[in-house]
Novice: 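Okay, here's the structure, questions in a sec.
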Amino acid sequence: MPSSTIYDTAIVGGGHNGLAAACYLAAEGRKVVVIEAFHKVGGMASSGYLIPEAPQHLVHPCALDLMSLRVHPMMPQELELDRHGFRHVEMTPAYAYLHPDGSSLVFWRDIEKTAAEFRRFSESDAKEFLALMQLVNAFIDMAIPMMRVDPSQRNLGAKWEALKAVLRNRHLKPEIMALVGSPAYTSIMERFEHPVTQSALCSLLGAAGPITNEATGIYFALLGFIQRFGVGRVIGGMQSISDALASRLRELGGEIRVSSPVAEIVARNGRAQGVRLVDGSMVHASAVIASIHPKVAFELVTPGAIERRLLTRMALAPANAHGASPLKVDVALRGRVQVGKHQAMRTDGVDLRKCVLLVGTVEAVLENFRSSARGEVPKLPYLWVTAPSAVDPSQAPEGQDVVYLYPVAMPVNPNEGWDAIRQRVGQMVIDQADAYMHGIKALEIGRRVEAAPDLAHRLNVHNGCVVHIDTATTRSSLMRPAAGLGGDTLPVAGLFLGGAGIHPGGGINGLPGRIAAGRVQRYLATAPKAVASGAVQDGARDGAPQARSSY
């Protein structure tokens, strides 16, 4: 029998965006429920004790650091998450590049201090860095106001702020357009001359995707965000932000259902009616926010409610379309790692143990993406390495570490298949990382390895793409996730997307959830309420529902 409870909004997916959307709606007096397939909320913004051999070592299976939340801090401020246990600290410095020869280059938040790092290798490169940052900062001034708002609205205030930035920097416009419209790799190589500075920038920007593709100059925004806003680390682990959101939601009267996989987003006569769970129960709602991968969301909608053309468009939206995806390796240790050779060559007292370490060369960054596109495991080391317990010792037993290894580009679909090579590649990554952060191999208690298919299965994201839709100028604003699907209306009235697949994209910031909540509020102001009746079931799928994750 269907439930008699009628919600204003049912939210599919208990990641941080879904929880944020729920909090905003509940704060407006709306009756909301978050429906999550897993046994706890969090999705990609989660952490837990996931290595059986090391039950006291905290693991971050996906996101670790806060960059975009420092760029766009509105969500935790507006929802008062500090009252619910959310705390983070700035990492100073956040990133340090390690070259194979033992030298290192630190990316400070201070532009002049970072330029001084470049100057250690080349006076010319230091000057080029300062000139580049002038362009990057001007671009950020133009972009940030529009990143923070719903692109489907008029946004006159944001447009005015962006226009003022354009006018202030009009003399730089040709250079800015050339920078963001070109491959990031081209801009790096034509501006910088020293192998260390070139490699440092390639290793940093490569985290956003293949730097040889056209219009990847927008990746320089990462550099600008580091310099202007810094990088944060959540105290107590990333799960703390999701738990704080869940606590705030309950305080506002919202509901959360975990261990409740969704079988169908029910649509009848062109309008969302709620969701049907795998157990056959119905959750009636006037609106549904799918805070999950948009392709998965469309596949959940009652067959026939969305025309084939749009289903195909969504299915073909790029998600790790370049053939590469990060591999994730977490290692619990019985002691503390050290960054020996590189630490010894620095004389300024910077503790590299507390930084995110970028390992790779120009050649490695290019080789990793090219090999992955061919389905081959890369041979040259290109990875990000950090010990979360060095910044927050509570994440491991006293005197011990947990290490987060992030090879940026591994094949989504290797020729041999991940089942055949997962452990071998995991060992290779540990071997590579140990050459820079010593002690990983000798001190290992246990490990956890996840490749793209594992991420796809656990998080129900197409191709294991952690940002849902690839980052590109052609997949931004109203074009994200695809043409005609990035605005405040979808083919099913009352259905809204609310995850990283919409504007402004991936990252831990809650903006997609915030935008989705605003869209629902406008819709509910005029939409008829759902009716809890047997008639709702007329549009449901025939046959038994199949289980699937809802985040």
Novice: With a 6.0 Å cut-off on ring centres, are His88 and Phe86 close enough?
Specialist: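 Judged by ring-centre distance (under 6.0 Å), His88 and Phe86 do meet the cut-off.
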Novice: Look at Arg233 together with Glu90 and state whether they make a salt bridge at an N to O cut-off of under 4.0 Å.
Specialist: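 Not counted as a salt bridge, because no side-chain N and carboxylate O are separated by less than 4.0 Å.
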Novice: Quick check on the 6.0 Å ring-centre criterion: do Trp384 and Tyr404 meet it?
Specialist: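 No, the ring of Trp384 stays outside the 6.0 Å limit from the ring of Tyr404, centre to centre.
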Novice: Mind listing the closest non-hydrogen atom pair of Phe369 and Ala324 along with its distance?
Specialist: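 What the structure gives for the nearest pair is CD2-CB, 3.8 Å.
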Novice: Determine, for Arg257 against Glu36, whether the closest basic-nitrogen to carboxylate-oxygen distance falls under 4.0 angstrom.
Specialist: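 Salt bridge between Arg257 and Glu36, a charged N being under 4.0 Å from a carboxylate O: no.
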Novice: Between Lys159 and Glu161, is the closest basic N to carboxylate O distance under 4.0 Å?
Specialist: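 Salt bridge between Glu161 and Lys159, a charged N being under 4.0 Å from a carboxylate O: no.
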Novice: So, for Val266 and Thr302, which heavy atoms are closest and what is the spacing to 0.1 Å?
Specialist: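 Scanning both residues, the minimum pair turns out to be CA-OG1, 3.4 Å.
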Novice: Would you check if Thr9 and Ile289 make a side-chain contact, meaning some heavy-atom pair closer than 4.5 Å?
Specialist: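 With C-beta onward as the side chain, the pair touches.
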Novice: The test is side chain to side chain contact (heavy atoms under 4.5 Å, CB included); show your working for Leu311 and Glu299 and say whether it passes.
Specialist: CA-CA 8 Å; Leu311 289 171; Glu299 290 172 347; 5.8 Å; no
Novice: For residues Ile11 and Val33, determine if any side-chain heavy atom of one lies less than 4.5 Å from a side-chain heavy atom of the other.
Specialist: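 The answer is no, as the side chains (C-beta and beyond) never meet within the 4.5 Å cut-off.
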Novice: Would you call Leu511 and Met74 a side-chain contact if the rule is heavy atoms closer than 4.5 Å?
Specialist: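 Yes, their side chains come closer than 4.5 Å.
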Novice: Is any NZ, NE, NH1 or NH2 atom of the basic residue among Arg519 and Asp150 found under 4.0 Å from an Asp or Glu carboxylate oxygen of the other?
Specialist: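 Asp150 and Arg519: salt-bridged.
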Novice: Would you call Arg309 and Glu307 a salt bridge, taking side-chain N to carboxylate O under 4.0 Å as the test?
Specialist: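 Salt bridge: yes.
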Novice: Quiz question: by atom type and distance under 3.5 Å, do the side chains of Tyr24 and Glu78 form a donor-acceptor pair?
Specialist: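 The criterion, which ignores hydrogens and geometry beyond distance, is satisfied for Glu78 and Tyr24.
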Novice: Do you know the tightest heavy-atom contact between Met91 and Val356?
Specialist: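 Heavy atoms only, the tightest pair is CE-CG2, 4.0 Å.
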Novice: Once the angle between the rings of His293 and His462 is folded into 0 to 90°, is it parallel (under 30°), tilted (30 to 60°) or perpendicular (over 60°)?
Specialist: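 His293 vs His462 ring planes: perpendicular.
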Novice: Should Asp454 and Arg422 count as an ion pair when the cut-off is N to O under 4.0 Å?
Specialist: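 Looking at Asp454 and Arg422, the cut-off is met.
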Novice: Does Tyr219 reach the side chain of Leu204, with side-chain heavy atoms less than 4.5 Å apart?
Specialist: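 No, every pair of side-chain atoms sits at 4.5 Å or beyond.
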Novice: Donor-acceptor pairs are to be reported for all side-chain atoms of residues 50-64 against protein atoms at under 3.5 Å, with residues two or more places apart or in another chain.
Specialist:
from: His57; atom 1: NE2; to: Leu333; atom 2: O; distance (Å): 3.0
from: His57; atom 1: NE2; to: Gln400; atom 2: OE1; distance (Å): 3.1
from: His60; atom 1: NE2; to: Met238; atom 2: N; distance (Å): 3.0

Novice: Will you find, in the side chains of Arg148 and His72, an N or O donor that is under 3.5 Å from an N or O acceptor?
Specialist: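 Judged by distance alone, the side chains do pair up.
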Novice: Got more than 12 heavy atoms from elsewhere within 6.0 Å of CZ, Arg83?
Specialist: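 Above 12, so yes.
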Novice: Could you check if a side-chain atom of Leu19 sits within less than 4.5 angstrom of a side-chain atom of Ile256, using non-hydrogen atoms only?
Specialist: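 Contact flag for Leu19/Ile256 side chains = yes.
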Novice: Between Asp65 and Arg70 (salt bridge meaning N to carboxylate O under 4.0 Å), is one present in this structure?
Specialist: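 Salt bridge: no.
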Novice: Any side-chain heavy-atom pair from Val231 and Tyr95 closer than 4.5 angstrom?
Specialist: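 Side-chain contact under 4.5 Å: yes.
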Novice: Side chains of Val429 and Met410: does their closest heavy-atom pair fall under 4.5 Å?
Specialist: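 The answer is yes; the side chains approach within 4.5 Å.
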Novice: Is there a side-chain contact between Ile241 and Ile508 (heavy atoms, below 4.5 Å)?
Specialist: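 Result yes, sub-4.5 Å side-chain heavy-atom pair found.
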Novice: May I ask you to decide whether Arg276 forms a salt bridge with Glu264, counting only side-chain N to carboxylate O separations under 4.0 Å?
Specialist: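 Here Arg276 pairs with Glu264 in a salt bridge, since their nearest N and O are under 4.0 Å apart.
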Novice: Would you call Asp141 and Arg228 a salt bridge, taking side-chain N to carboxylate O under 4.0 Å as the test?
Specialist: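 A salt bridge links Asp141 with Arg228.
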Novice: Looking at residues at least two apart in the chain, or sitting in another chain, which of them share a salt bridge (Lys or Arg N to Asp or Glu O under 4.0 Å) with Asp243?
Specialist: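 With sequence neighbours excluded, Asp243 shows a salt bridge (Lys or Arg N to Asp or Glu O under 4.0 Å) to no residue whatsoever.
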Novice: For residues Val402 and Ala396, report the shortest heavy-atom separation together with the two atoms involved.
Specialist: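 It is N-CB, 4.2 Å.
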Novice: Please step through side chain to side chain contact (heavy atoms under 4.5 Å, CB included) for the pair Met67 and Ile226, ending with a clear verdict.
Specialist: CA-CA 7 Å; Met67 179 186 292; Ile226 294 168; 3.6 Å; yes
